[in-house]
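Quick notes on the structure that follows.
Convention: sequence-line order gives letters A, B, ...; per-chain numbering from 1.
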2 protein chains.
Amino acid sequence: MSDPAAGTPTPPPPSPWERERPARTHVTPPRAPLSRERVVEAAFTVLDRQGLDGLSMRQVAGELGVTVSALYAHVSSKDDLLELMYTRLFGGFEMPAPDPERWQEQVRDYARAGRKRLLSHRDMARISMAHVPFTAELLPHVESLLAVFRTAGLPDRIAAEAGDLISTYIDGFVLEEGMWQDRAARHSGDASSLARPDLGEMAAEMQNYFASLPPGDFPHLRALSGLMVTGSSDERFDIGLEIILRGLASYLPDPDSAAHTAPEAT
Amino acid sequence: MSDPAAGTPTPPPPSPWERERPARTHVTPPRAPLSRERVVEAAFTVLDRQGLDGLSMRQVAGELGVTVSALYAHVSSKDDLLELMYTRLFGGFEMPAPDPERWQEQVRDYARAGRKRLLSHRDMARISMAHVPFTAELLPHVESLLAVFRTAGLPDRIAAEAGDLISTYIDGFVLEEGMWQDRAARHSGDASSLARPDLGEMAAEMQNYFASLPPGDFPHLRALSGLMVTGSSDERFDIGLEIILRGLASYLPDPDSAAHTAPEAT
DNA sequence: ACCTGAACACCGTTCAAGT
DNA sequence: ACCTGAACACCGTTCAAGT
């Protein structure tokens, strides 16, 4: 946890399915007039202000006080830019050295940290969802996660699937969080209160809607409406995560640790 | 299973967060010159041919032999059209009457059927991911799924999360399937063999890549590369599904059925 | 009642031309 | 070596005008 380099070996050569980027001509001078990094930075600024649908090459250029065509000297396409943003978001992600005694805790930390990064920029989950972490920069993270699963004692075919499952869960959950925020923003002051979209008001309205359903037709939805709406997103995230962790734990050879959260005494 | 109406009560009134659609002026005449349905149909045709990125209002209009602006008499926006496609894809979805003895089987059937529908049109998972099933037409399905979980005996706070978790898994899995297909299509004949993207060749190349990694740095990735690539998508889908089902089962009051797949003898 | 045509304000990407 | 300006082929959406 306090050792960022632990479990993260050197990046591998580029994989054959990676979009090849034009090799940097040479090392950037002290204060570059425009660089790949500055373009990515500006793109994040535009993303946070306008959302993914408002993120255009022209907007990024405008943010940098430059013509659109100037961007294409540093970035080969918009897709390339999005991939750079995805890679930069997860760059320097701390991965733990696998500890069989604490594997569930480690996966929990990993998932929470991933969600936190996705939440740090608007619509980032939508960008993440469109990419696969098998790039040179991100492969060490995949390796470390697999290490945690295998060291814990999970069968290989389960461990191979677990990484995907967890990543999909994180992306999907944050994506949905963002959708509710967008909805709440559009719902209240149209464009005025876009800063703090009243999520509580949205939740209340949803709950009213569920409560207004014909009781005979939607008994379960009515009964659970409180739970589906109330409660922080953090709690809901942890519950889904726990379901997955318990499912994984059920594949451990030791039956004692199968259906319990804290396998401290082994 | 053979009774489509079972467990699917009448649709509720429109929820407050649904985009309001202009009310249909009146019932469509015998052979409509252009209708909401025909627009949606044409949109599916364009989607399958060009993918989501190539799905434009102009393309849909062209498919119908009509001007772009003509579409806006039947569909209020492109977003509206996408929502109609999403709703139509899952319309008439068969939901089972909840049976506590077979809840896992029922969830499995639901998930497989959902994946099948998503696979029936190109890029459909991307569209599905961007929507929430709380529309009037889809709410009965959510209700039925919650019914299965609650009747099985799952605690309410688990049941409330389970539906989301399963849906996210289905969407996310199929989304990734589509990404590999796109990659394989781009990778082989650029635009020639777009019909049958050689997925096997892609898998082989991926496996070669993993095998070429420095063994010291990526031991787990190397060890699992076979499992992560080989094996049909169907099997991989079922494994992830099984992990979730086992996790859910671990919350059942009866410990006997906690970590087993077939709780026949209760 | 239903569709057309033209327009508006945008896109991503390319490329000759400037400095 | 790095950026500009203009152009190309597109977008979603609106609206007066036709029939």
Counting C-beta onward and ignoring hydrogens, is there a side-chain heavy-atom pair between V60(A) and V66(A) closer than 4.5 Å? no
Quickly work out the [X] [atom1] to [N] [atom2] distance and round it to whole Å.
X	N	atom1	atom2	result
L71(B)	dT14(D)	CG	P	13 Å
R58(A)	dC10(C)	CZ	P	10 Å
M57(B)	dT14(D)	CE	P	10 Å
L55(A)	dC10(C)	CG	C1'	15 Å
L81(A)	dG12(C)	CG	P	10 Å
L64(A)	dT4(D)	CG	C1'	15 Å
R36(B)	dC3(C)	CZ	P	14 Å
L34(A)	dT4(D)	CG	P	9 Å

Holding to salt bridge (charged side-chain N to carboxylate O under 4.0 Å, His left out), I want the full list of residues that pass it with R112(A), two or more places apart in sequence or in another chain.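 Applying salt bridge (charged side-chain N to carboxylate O under 4.0 Å, His left out) to R112(A) gives D238(A).
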Any side-chain N or O of Q59(A) below 4.0 angstrom from OP1/OP2 of dC11(C)?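 Affirmative; the distance criterion is met.
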For H74(B) and dC2(C), is the shortest distance between a side-chain N/O and OP1 or OP2 below 4.0 Å?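 Answer no for this pair, as no side-chain N or O of H74(B) is under 4.0 Å from OP1 or OP2.
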Are Y169(B) and F237(B) close enough that their ring centres sit under 6.0 Å apart?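 Ring centres of F237(B) and Y169(B) closer than 6.0 Å.
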Looking at CG of L221(B) and CG of L213(B), how far apart are the two atoms once the value is rounded to the nearest 0.5 Å? 6.0 Å
Side chain of [X] - closest among [options]:
X	options	answer
K78(A)	dG12(D), dC3(C), dG12(C)	dG12(C)
S56(A)	dT13(D), dG12(C), dC3(D)	dG12(C)
V66(A)	dG12(C), dC3(D), dT13(D)	dC3(D)
S69(B)	dC3(C), dC2(D), dT4(C)	dT4(C)
Y72(B)	dT13(D), dT13(C), dC3(C)	dT13(D)

Considering only the P atoms, how many Å lie between dA9(C) and dA9(D), rounded to the nearest integer?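 Straight-line distance between the two P atoms is 22 Å.
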Return the orientation label for the F93(B) and Y110(B) ring planes: parallel under 30°, perpendicular over 60°, tilted otherwise. perpendicular
Assigned partner base of dG5(D), Watson-Crick or wobble definition, under 3.5 Å: dC15(C)
